[in-house]
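FYI, the numbering just counts along the sequence from 1.
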Amino acid sequence: MQSVHHFHLHPPLSSCHEGNADCRDDALQTRTNEVTDALRRTTQTMQTELERSVLSVQMLGQSSVPSLLRLQ
């Protein structure tokens with residue numbers, strides 16, 4: 001079963017007071033971390049699906065060999 005990830009919306013970077021570089025830096029770092037985490041989850045999901053696909057192809061190949069041998 002697939003898991004669903006919920007993302008929290010943050011106020012825009014422009015909501016930081018002008019001149020408050022720390023606020024903007026923190027907000028940018030938070031968003032950067034969120035994107036990185038999302039990419040990691042996506043990569044893991046893709047890896048899992050690839051492994052499942054390879055296993056399916058292997059199983060199909062193994063089940064087809066006896067059938068093909070009987071036809072000869």
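For the pair Q44 and R41, the minimum side-chain heavy-atom distance is 4.5 Å or more.
V57 shares a hydrophobic cluster with no other residue; no ILVMFWY side chain has heavy atoms under 4.5 Å from its own.
One finds the CG atom of L50 at 12.0 Å from the OG1 atom of T43 (value rounded to the nearest 0.5 Å). To the nearest 0.5 angstrom, M46 atom CE is 12.0 Å from S53 atom OG.
Every residue meeting the salt bridge (charged side-chain N to carboxylate O under 4.0 Å, His left out) condition with D37, not counting sequence neighbours, appears here in chain and number order: R40. Partners of L55 by side chain to side chain contact (heavy atoms under 4.5 Å, CB included), not counting sequence neighbours, listed by chain and number: Q58, M59.
If you check the side chains of N33 and Q29, you find a donor sitting under 3.5 Å from an acceptor.
For the pair T42 (side chain) and A38 (backbone), a donor-acceptor distance under 3.5 Å is present.
Taking a cutoff of 4.0 Å between a charged side-chain nitrogen and a carboxylate oxygen, E34 and R31 do not qualify as a salt bridge.
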